[in-house]
Amino acid sequence: MVADIFPESPILITLPRILKNEAETLAALCGAGVSVIHIRKPEASEPEIEELLKTLQALGADMSRLTIHYNEPLARKYGLGGVHLRIEELLAGAGEGLRRSCSAHGWTEAERAATDADYVFLSPLFDSISKPGYRSAIDPAEAAERLRRRKGRIVALGGIRPANIARVRRIGFDGAAVLGAAWSADEKAVDTERTLKNYHILNRKWKAAGGTLQLISDGDLSVAAQFLDAGGRWIQLRMKDASAEVIVCRGKEMLALCRKRRAVLVVNDAPQLAAAIGADGVHLGQADMPPIEARWIIGDGAVIGSTANTFEQIAARNDGETDYVGLGPFRFTTTKKNLSPVLGTEGYRTILGRMRTENIPLPVVAIGGIELPDIPQIMRTGVDGIALSGAIARADSPATTTANFLNAIRNA
């Protein structure tokens, strides 16, 4: 096994043929932070594939991010990070020292290979985009149960797109692999700009679905460090009464803590400050600027969250720009001024039921006065995560409290 790469971003699989502009696009994707790109070219000859690798090397692409399918010699010759193997090759020890993966089309195969591979593609989760007629063959309920008991890493493949990538994370897969939803190309050439945009959208949707436990931070670095050390992976910086200069300074310090632990940092209310900090995104209140305007400031790859109290507010944010919703308050809290009507579990259940009926796929994070004993009943309403402020910030041990909340969420 090699260094852990999850869950930084979705894995990208190339188109089966080599097209004009593809090398430049792949190099740009590496530069944009794609964790792993699979070079899968069943419609290209080995000399053509080798020429592609030579071009990528000449362009200065990060070759360690590349995994080639079924050609270990080329992986080693060009310093690639990984090789995708047939299961028999994997179990026989091929690819040692490289990042090793393989494909499976059923749980028996996947579980057999997962202990030897760094990750296994399991497909198709949804109806394929790139292969017409390749229909979903994985039951989500069975997948969730098996993934709770899994050994090794299982990555979902097949039909994954922005509208359903949050479901992949909700089911419990370790990663998502995408092909058809990422590439923009005609018969001859790749549209680099559009492909990058497609990938940025997929990546931010994947990130947004990972906010299982969010810390709403007032800027206390000690509390943030304990939260991250205990396994928290999402911080929202909310310093309501601080100046822009102070927020940017503290935000950069907070970002450094998050980067060490591959955690997400979003900034409350102010996309300009989020951009100045270099944060992963922004969280907008109902009175803040519209998400489309924030997107112009922070770019295609940044996460945008929105606060909501009603189904109607959520529906208005189902605009393609909003990536998740902070829904609350669960109960009365002194942390926030101008509190909206308290929802309770029945409020969550009703709103989430309407979201399912109306096919609104936004991840929902519950917020507002939540305590540890509340977790099972809140999670049973169907929310994707929990956001906390005082429960962690005022705890005698923020690290212990964080670990307790994480365990409760997992168990629920």
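Residues take their numbers from the sequence shown, with the count starting at 1. Heavy atoms only: backbone and side chains are in, while hydrogens, waters and symmetry mates are out. Everything numeric here is computed off the predicted structure, so don't read it as measured data.
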J.: Hey, which of Val178, Asn198, Leu202, Asn203 is the one that makes side chain to side chain contact (heavy atoms under 4.5 Å, CB included) with Pro162?
T.: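 It is Leu202; the other options fail the test.
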J.: Can you see which heavy atom on Ala294 is nearest to which on Met289, and at what distance?
T.: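 So the minimum-distance heavy-atom pair works out to N-SD, 3.5 Å.
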J.: Students often mix this up, so state it plainly: with edges at 30° and 60°, are the rings of His69 and His84 parallel, tilted or perpendicular?
T.: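 Geometry flag for His84 against His69: parallel rings.
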J.: For Ala23 and Leu52, work out which heavy atoms get closest and say how close.
T.: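 Nearest pair, atom of Ala23 first, then Leu52: CB-CD1, 3.8 Å.
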J.: Could you pull out the closest heavy-atom pair between Thr402 and Gly232, with the gap in Å?
T.: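 Here Thr402 and Gly232 meet closest at CG2-N, 4.1 Å.
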J.: So does Glu48 have more than 12 non-hydrogen atoms from other groups sitting under 6.0 Å from CD?
T.: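 Counting neighbours around CD of Glu48, more than 12 heavy atoms of other residues, nucleotides or ligands fall under 6.0 Å, so yes.
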J.: Begin from the C-alpha positions of Arg99 and Thr67 and carry the test side chain to side chain donor-acceptor pair (under 3.5 Å) through to its verdict.
T.: CA-CA 8 Å; Arg99 182 175 55 242; Thr67 287; 3.1 Å; yes
J.: So for atom NZ, which belongs to Lys151, do other residues, nucleotides or ligands contribute more than 12 heavy atoms lying within a distance under 6.0 Å?
T.: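 No, because the 6.0 Å sphere around NZ of Lys151 holds 12 heavy atoms or fewer from other groups.
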J.: Given Pro398, which of Val223, Leu215, Asp220 fulfils the side chain to side chain contact (heavy atoms under 4.5 Å, CB included) condition?
T.: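 It is Val223; the other options fail the test.
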J.: Would you mind checking if Glu145 and Arg149 are paired as a salt bridge, meaning a charged N to carboxylate O distance below 4.0 Å?
T.: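 So Arg149 pairs with Glu145 through a salt bridge.
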J.: Could you check Ile292 against Asp319 for side chain to side chain contact (heavy atoms under 4.5 Å, CB included), going step by step and ending with a plain yes or no?
T.: CA-CA 8 Å; Ile292 185 63; Asp319 52 8; 6.0 Å; no
J.: Is it true that Glu22 and Lys41 have a side-chain N and a carboxylate O under 4.0 angstrom from each other?
T.: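 Yes, this pair counts.
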J.: Looking at Asp269 and Arg238, is any side-chain nitrogen of the basic one under 4.0 Å from a carboxylate oxygen of the acidic one?
T.: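 Salt bridge absent between Arg238 and Asp269.
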J.: For Asn318 versus Leu362, what's the shortest heavy-atom pair and its separation?
T.: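 Minimum heavy-atom separation between Asn318 and Leu362: CA-CD1, 4.1 Å.
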J.: Would you say the rings of Tyr324 and Trp234 are close, in the sense that their centroids are separated by under 6.0 Å?
T.: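 Yes: the rings meet the under 6.0 Å criterion.
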J.: OG of Ser45 to CD of Glu50: how many Å apart, nearest 0.5 Å?
T.: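 Taking OG in Ser45 and CD in Glu50, the distance rounds to 10.0 Å.
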J.: Check this for me, if you would: do Arg295 and Asp323 make a salt bridge, where the nitrogen-to-carboxylate-oxygen distance has to be below 4.0 angstrom?
T.: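 A salt bridge is present here (some side-chain N lies under 4.0 Å from a carboxylate O).
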J.: If you apply the rule side chain to side chain donor-acceptor pair (under 3.5 Å), what do you find for His283 with Thr307, and how did you get there?
T.: CA-CA 7 Å; His283 186 94; Thr307 296; 2.7 Å; yes
J.: With a cut-off of 6.0 Å (strictly less than), are more than 12 heavy atoms of other residues, nucleotides or ligands near CD of Glu43?
T.: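 It does: Glu43 CD has more than 12 such atoms within range.
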J.: Please check this pair: side chain of Arg233 against backbone of Val264, looking for a donor-acceptor N/O pair closer than 3.5 Å.
T.: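 Flag not set: sc Arg233 to bb Val264 has no pair under 3.5 Å.
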J.: Do you know which two heavy atoms are closest between Ala274 and Val282, and how far apart they sit?
T.: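 That closest heavy-atom pairing would be CB-CB, 4.3 Å.
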J.: Could you tell me if Arg153 sits above the aromatic ring of Tyr119, with its cationic atom closer than 6.0 Å to the ring centre and no more than 45 degrees from the axis?
T.: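 Here Arg153 fails the 6.0 Å and 45° test against Tyr119.
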J.: Could you check whether Arg169 pairs with Asp384 (Lys NZ or Arg NE/NH1/NH2 to Asp/Glu carboxylate O, under 4.0 Å)?
T.: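 Looking at Asp384 together with Arg169, the answer is no, because their closest N to O distance does not fall below 4.0 Å.
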J.: Before accepting this row, confirm whether a basic side-chain N of the pair Glu312/Arg354 lies closer than 4.0 Å to the acidic partner's carboxylate O.
T.: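 Arg354 and Glu312: salt-bridged.
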